[in-house]
Asker: 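I'd like to ask some things about the structure below.
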There are 2 protein chains.
Amino acid sequence: MNIGDVAALSGLPAKTIRYYEDVGLVKPLRSTNGYRTFRESDAHKLAFLGRSRALGFSIEDCRNLIALYEDEKRASAEVKDIAEQHLERIDDKIAELKEMRATLAHLVDACAGDHRPDCPILADLATKHRDEEQLKNTAL
Amino acid sequence: MNIGDVAALSGLPAKTIRYYEDVGLVKPLRSTNGYRTFRESDAHKLAFLGRSRALGFSIEDCRNLIALYEDEKRASAEVKDIAEQHLERIDDKIAELKEMRATLAHLVDACAGDHRPDCPILADLATKHRDEEQLKNTAL
DNA sequence: TCTAGGGCTTCCACCAACTGGAAGGTCAAG
DNA sequence: CTTGACCTTCCAGTTGGTGGAAGCCCTAGA
């Protein structure tokens with residue numbers, strides 16, 4: 001299989017597949033004309049990567065997941081551990097975004113959004129808040 | 001004020017402030033020894049930037065917000081528009097993360113996480129799913 | 001047989017928003 | 001006079017690719 005074929009199969013852009021080779025996630029063979037030659041196992045691995053990335057796993061996580069996938073004697077605990085850590089990162093990120101969202105929604109709500117210059121959003125951004133860094137410092 | 005002072009005041013690292021100068025967000029003066037000299041207005045602007053960035057606004061958004069902030073004749077509608085677009089991006093991101101989270105939590109739940117190699121997480125990652133790109137293609 | 005087109009190759013640059021570190025100038029205190 | 005805290009610039013690296021240029025390779029059609 002050439003890169004185009006495996007790209008169609010895995011749903012990944014050819015560029016991305018070359019990048020994955022660069023970072024050592026796949027190691028396709030080369031045919032005499034210099035073209036990459038992908039085996040079934042490479043195609044499979046790329047699909048695995050596509051799905052892992054879609055779940056937000058980092059490239060490093062993917063590297064570890066693939067190693068575990070290929071290790072017949074793995075302990076599922078190791079996989080679960082990676083997944084749980086990732087889950088935690090996702091939860092943190094969601095919490096962070098929700099907090100931003102709440103503040104922002106509140107400000108947007110308070111803003112008339114008309115031709116007049118008065119704007120609670122700008123007013124808020126321009127105002128010191130109780131829990132900011134520089135106040136933490138002076139509080140010590 | 002030197003950069004260290006304004007860093008303490010704004011809560012931003014000195015490196016970040018230099019970066020903001022690089023991208024044209026602040027324009028401190030220079031004293032004869034080459035040190036950056038920040039006015040009150042610069043410190044104020046940097047604090048504004050810190051709060052905007054904390055709400056997730058991009059540097060470009062910040063540039064626009066500051067321009068509006070400094071424009072006495074702005075229409076609050078312009079500010080609200082930027083904020084609403086950002087709110088939408090945040091909502092999209094939250095939705096995406098929640099979907100990841102749901103899938104991942106389900107898989108983590110199903111995994112024993114013990115010494116045995118059997119792992120539903122890996123099994124799922126290794127399996128084609130109905131709605132993947134390569135199947136969309138063949139379905140046409 | 002030539003040519004046009006796609007597909008493939010490499011390499012370099014760029015994106016956001018910083019962050020780390022090296023090499024070196026400046027300044028106030030002891 | 002030296003030490004140490006600041007400050008300067010510049011270069012490189014981070015994450016995960018994406019875009020484009022220059023240039024092979026291969027096949028089908030005139």
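In what follows, every heavy atom counts, from backbone to side chain, and hydrogens, waters and symmetry copies are set aside. In what follows, every chain begins at residue 1, and chains take the letters A, B, ... in the order their sequences are listed.
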Asker: Do Phe38(A) and Asp5(A) come within less than 4.5 Å of each other through their side chains, counting heavy atoms only?
Answerer: no

Asker: Using a cut-off of 4.0 Å between protein heavy atoms and nucleotide atoms, how would you tag nucleotides 6-16 of chain C 5' to 3' with B, S and -?
Answerer: -BSBB------

Asker: Just wondering, are more than 12 heavy atoms of other shown residues or ligands nearer than 6.0 Å to CZ in Arg116(B)?
Answerer: no

Asker: Using heavy-atom distances to pick each residue's nearest nucleotide on DNA chain D, tell me which of Thr32(A) and Pro13(A) is more 5'.
Answerer: Pro13(A)

Asker: Find the distance Asp22(B):CG to dT8(D):P and express it as a whole number of Å.
Answerer: 12 Å

Asker: Taking only Lys NZ, Arg NE, NH1 and NH2, and the carboxylate oxygens of Asp or Glu, determine whether Arg39(A) and Asp42(A) approach each other closer than 4.0 Å.
Answerer: yes

Asker: Considering just the side-chain nitrogens and oxygens of Thr16(A), establish if one lies under 4.0 Å of OP1 or OP2 belonging to dT18(D).
Answerer: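 For dT18(D), OP1/OP2 do have a side-chain N/O of Thr16(A) under 4.0 Å.
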
Asker: Taking atom C1' of dG16(D) as reference, at what distance in whole Å does atom OH of Tyr20(A) sit?
Answerer: 7 Å

Asker: Quantified as the angle between the terminal helix axes (five pairs each), what is the overall bend of the helix from dT1(C)-dA30(D) to dG30(C)-dC1(D) to 10 degrees?
Answerer: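 So the angle between the two local helix axes works out to 30°.
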
Asker: Is the CD atom of Glu70(A) crowded by more than 12 outside heavy atoms at less than 6.0 Å?
Answerer: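 Check passes, neighbour count above 12.
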
Asker: How about Gln85(B) and Asp81(B): does a side-chain donor come under 3.5 Å of a side-chain acceptor?
Answerer: yes

Asker: So does Arg89(B) pair up with Asp61(B), basic N to acidic O under 4.0 Å?
Answerer: yes

Asker: Mind checking whether Ile59(B) and Tyr69(B) sit in one hydrophobic cluster, side chains of I, L, V, M, F, W, Y counted as touching below 4.5 Å?
Answerer: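 Shared cluster, yes.
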
Asker: Would you call Arg36(B) and Glu21(B) a salt bridge, using N to O less than 4.0 angstrom?
Answerer: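 Looking at Arg36(B) and Glu21(B), the cut-off is met.
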
Asker: Give one of base, sugar-phosphate or nothing for Phe57(B), where a contact means two heavy atoms less than 4.0 Å apart.
Answerer: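 Nothing, no nucleic acid heavy atom in range.
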
